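Presented below is the structure to which this report refers.
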Amino acid sequence: MSRQLFALMLVIAGFIAFPNFASAHAKILGTDPAKDAVLTTPPKAVNLMFAKALEPKFSAIHVLDASGKQIDTANTTIKGDGHNEMSVELPALPAGVYKVMWNIVSLDGHKMKGDYTFTIK
């Protein structure tokens, strides 16, 4: 067997054995409310959409008030046809700045986390 053929077979075997290296991360596609949004009406939920399906057991959204107190009142739910959307319900919120913190594990094993803020006037 030639060296080139052997090297090609090793590369192909690597992609079969470790498919995560060939796939993209589950990047965030959208948020509601949007990052840095200034709202006059409080949202009833925070919704995030990702490029890949999410593992429900290891994916969550938490919303904190300006003092750092967690104010979301329900468990994060995973939804969407591709299981790539997650949401958490919120209580009635007074005016203030709120921080959305999220962490996910996509079904292909990639871990990501992030945060952003929105304001209610």
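For clarity, every value in this text was computed on a predicted model and none was experimentally measured. Counting from 1, the numbers follow the sequence of the chain as shown.
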Self-check item: side chain to side chain contact (heavy atoms under 4.5 Å, CB included) evaluation trace for Ile61 with Leu48
Solution: CA-CA 9 Å; Ile61 303 170; Leu48 306 177; 3.8 Å; yes
Practice problem: Kindly determine whether Tyr116 and Val46 satisfy side chain to side chain contact (heavy atoms under 4.5 Å, CB included), including the steps that lead there. | Solution: CA-CA 11 Å; Tyr116 70 94; Val46 169; 3.8 Å; yes
Self-check item: From CA spacing to verdict: side chain to side chain contact (heavy atoms under 4.5 Å, CB included), Ile104, Lys113
Solution: CA-CA 6 Å; Ile104 62 145; Lys113 64 181 178 177; over 6 Å; no
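Across all their heavy atoms, Pro33 and Ala45 have their closest contact at CD-O, 3.9 Å. Of all the heavy atoms in Val105 and Lys111, the pair that sits closest is CG2-CG, 3.8 Å. In plain terms, the two heavy atoms of Leu107 and Leu54 that are nearest each other are CD2-O, 3.7 Å. Taking both residues in full, the closest heavy atoms of Asp115 and Trp102 are given as N-NE1, 3.9 Å, listed atom of the first, atom of the second, then distance.
Side-chain contact between Asn103 and Ser59 is absent, with no heavy atoms from C-beta onward closer than 4.5 Å. The shortest side-chain heavy-atom distance between Asn47 and Thr31 does not fall under the 4.5 Å cut-off.
Below 30°, between 30° and 60°, or above 60°: for Phe118 and Tyr98 the angle between ring planes is below 30°, a parallel geometry.
Each of Leu93, Val97, Ile71 was evaluated against Asp65; a single residue qualifies, Ile71, per the side chain to side chain contact (heavy atoms under 4.5 Å, CB included) test.
One hydrophobic cluster, built from ILVMFWY side chains closer than 4.5 Å, cannot hold both Val88 and Met101; they sit in different ones.
Within the model, atoms NE2 of His110 and CD of Glu55 stand 14.5 Å from one another, a figure rounded to the nearest 0.5 Å. Note that the CD1 atom of Ile120 and the OG1 atom of Thr41 stand 9.0 Å from one another [nearest 0.5 Å]. Rounded to the nearest 0.5 angstrom, Ile28 CD1 and Phe50 CZ are separated by 4.0 Å. To the nearest 0.5 Å, atom OG1 of residue Thr76 and atom CE of residue Met86 are 6.0 Å apart. Of the inter-residue distances, the one linking Lys121 atom NZ with Leu39 atom CG reads 11.0 Å to the nearest 0.5 angstrom. We find the CG-CG distance between Leu64 and Asp72 to be 7.5 Å, quoted to the nearest 0.5 Å.
Counted by atom type alone, Lys79 and Asn84 present zero donor-acceptor pairs between their side chains at under 3.5 Å.
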